[in-house]
Amino acid sequence: MFHTQLVIDGGQTETKLRIIRQSDVSELRLPGVQTHLPVLPQLAAAIGHAANISAAGFDVVSVGTTGLTKAELDAGELMAMLEPGMASGLNLAHDSVSSYLGALGDRPGAVVAAGTGVVTLAVGARTTARVDGWGNIMGDAGSAYWMGQQALSAVMRARDGRGPQTALGIAVRDRWPDLEEAYIQLQADPNRIAVVASFGKEVSLRAVDDPVAARICELAGRELAHSAATALRRTGQEASQPAVACLGGVFAGAQVRAAFIAELALQVPGAQLAEPAGEGLDGIAMMAELPENHPLRAMISSI
């Protein structure tokens with residue numbers, strides 16, 4: 001029997017929704033998840049929005065989202081926030097799970113998802129290991145936010161005479177002509193996480209001919225590879241030939257990707273880069289079909 005589905009990928013920059021009905025598939029975009037606020041009410045609002053647009057509830061709603069705490073990993077609690085009839089069944093997981101399934105499906109390996117934030121997940125024969133994904137204050141090393149923060153710091157160091165001049169200053173001055181006022185304007189910006197992350201792309205673009213940008217890209221790639229290698233070791237895969245997939249806009253930067261590949265080869269010589277089979281939305285749709293004995297099942301709350 002065909003089931004109508006709503007699939008939600010909650011990211012920091014935007015929330016993606018895919019409505020799957022027998023006759024068609026449609027996608028929506030909503031603002032990103034605010035990780036400093038309770039996540040479940042935001043997801044409930046997104047589900048309600050989709051139900052209103054489609055003028056009907058869903059047989060299955062599956063959600064993979066950033067910012068999910070252990071206490072919030074409760075499909076029953078999310079279901080209780082919905083209007084009656086919006087969802088008959090619900091699956092809820094951290095976006096590291098959905099990214100993994102989208103990229104590698106149910107086979108062992110590791111997936112590094114590096115966009116505004118970053119999280120790495122490895123899945124072995126019986127165990128899983130999550131590395132980083134601890135947010136921009138305590139972690140997310142190698143993410144677009146991390147790269148953007150490094151760029152802003154480098155520009156201000158150059159302005160003070162504490163560091164070398166960098167072409168990154170051009171991009172920063174385009175946004176804030178008065179550098180001395182930039183930090184005040186940034187702190188007051190409600191979209192500051194996305195703003196800082198946007199400079200990550202500038203770093204990748206300027207890395208070809210700017211030594212400061214090139215160094216940031218190298219460090220980002222090495223951080224991401226270190227996270228992947230750590231996750232593989234924790235799941236007992238370091239001595240094999242594990243599949244490693246890379247997701248997210250950060251890996252679109254050639255210098256970051258090259259540094260990642262080189263460092264991963266040093267830390268886990270047998271690692272095999274694998275092209276992602278799909279994206280997070282694809283992985284979220286797979287959650288409902290995952291076998292009960294699969295290691296990722298313990299990371300998914302269902303009702």
Side-chain angles (χ1 to χ4, degrees), residues 9-16 29-37 39 42 65-67 95 112-119 132-224 227 246-260:
D9 184 5
Q12 293 185 55
T13 301
E14 65 177 358
T15 297
K16 304 174 184 178
R29 296 291 186 271
L30 295 176
V33 173
Q34 302 296 305
T35 56
H36 64 286
L37 298 173
V39 171
Q42 299 176 64
T65 183
T66 187
D95 61 354
V112 185
T116 300
V118 61
V119 65
D132 210 341
W134 308 130
N136 63 83
I137 296 176
M138 297 177 65
D140 285 354
S143 68
Y145 182 96
W146 184 91
M147 293 173 67
Q149 191 279 329
Q150 296 292 312
L152 294 175
S153 178
V155 168
M156 300 315 295
R157 293 178 72 88
R159 182 259 173 222
D160 290 343
R162 292 178 293 138
Q165 293 300 310
T166 170
L168 293 169
I170 299 172
V172 176
R173 285 189 175 88
D174 283 345
R175 187 173 188 96
W176 302 293
D178 186 349
L179 287 183
E180 294 186 6
E181 296 293 320
Y183 77 100
I184 295 176
Q185 295 180 38
L186 180 58
Q187 289 176 25
D189 193 328
N191 296 315
R192 56 187 173 274
I193 291 177
V195 170
V196 173
S198 70
F199 288 104
K201 185 175 182 179
E202 291 292 335
V203 174
S204 290
L205 291 173
R206 298 177 186 274
V208 175
D209 51 18
D210 184 86
V212 172
R215 178 60 175 166
I216 294 172
C217 286
E218 179 187 356
L219 291 174
R222 289 169 59 184
E223 287 282 4
L224 296 171
S227 292
C246 304
L247 297 174
V250 167
F251 287 107
Q255 286 80 4
V256 173
R257 190 174 183 87
F260 174 85

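Predicted model only: the values in this text are computed from it and were never measured.
Annotation: the span from H36 atom NE2 to I137 atom CD1 amounts to 10.5 Å, rounded to 0.5 Å. To the nearest 0.5 Å, the span separating CD on Q185 from CG on D178 amounts to 7.5 Å. With rounding to the nearest 0.5 Å, the separation of CD1 in I184 from CG in D189 is 13.5 Å. Separation of atoms NZ (K201) and CZ (R206) is listed at 12.0 Å; rounding is to 0.5 Å. Atom CG of L152 is separated from atom CZ of R175 by 10.0 Å, given to the nearest 0.5 angstrom. Considering NZ of K16 and CG of L30, their distance stands at 12.5 Å, rounded to 0.5 Å.
Side-chain atoms of V212 and P164, non-hydrogen and from C-beta on, do get closer than 4.5 Å to each other. Contact of the T66 side chain with the T116 side chain is not registered, since no non-hydrogen atoms from C-beta on lie closer than 4.5 Å. Looking only at side-chain heavy atoms (C-beta outward), S227 and E223 stay at 4.5 Å or farther from each other. Two residues are said to be in side-chain contact when any heavy atoms from C-beta on lie closer than 4.5 Å; L168 and F199 fail this criterion. Using a 4.5 Å cut-off on side-chain heavy atoms (C-beta onward), R159 and E180 make contact. Side-chain contact between Y145 and D140 is absent, with no heavy-atom pair separated by less than 4.5 Å.
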* Asked: When you look at V250 and V118, which way does the side chain to side chain contact (heavy atoms under 4.5 Å, CB included) test go after all the steps?
  -> CA-CA 9 Å; V250 167; V118 61; over 6 Å; no
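For the residue pair R192 and Q187, the shortest heavy atom distance occurs at NH1-O, 3.5 Å. Scanning both residues, V203 and A151, for their nearest heavy atoms gives CG2-CB, 3.6 Å. When all heavy atoms of Q42 and Q34 are compared, the pair lying nearest together is OE1-N, 2.8 Å. Closest approach of C217 and S204 over heavy atoms only: SG-CA, 3.9 Å. The two residues V155 and T166 have their closest heavy-atom pair at CG2-CG2, 4.2 Å. Across all their heavy atoms, I216 and W146 have their closest contact at O-CZ3, 3.9 Å.
Between the side chain of S198 and the main chain of V195, a donor-acceptor pair closer than 3.5 Å is present. Within the 3.5 Å criterion, the main-chain N or O of A141 finds a donor-acceptor partner in the side chain of D132. Within the 3.5 Å criterion, the main-chain N or O of A114 finds no donor-acceptor partner in the side chain of S143. Without hydrogens or angle criteria, Q255 side chain to E218 main chain gives no donor-acceptor distance under 3.5 Å.
Within 6.0 Å of atom CG in L37, more than 12 heavy atoms from other residues, nucleotides or ligands are found, so the atom counts as buried in its surroundings.
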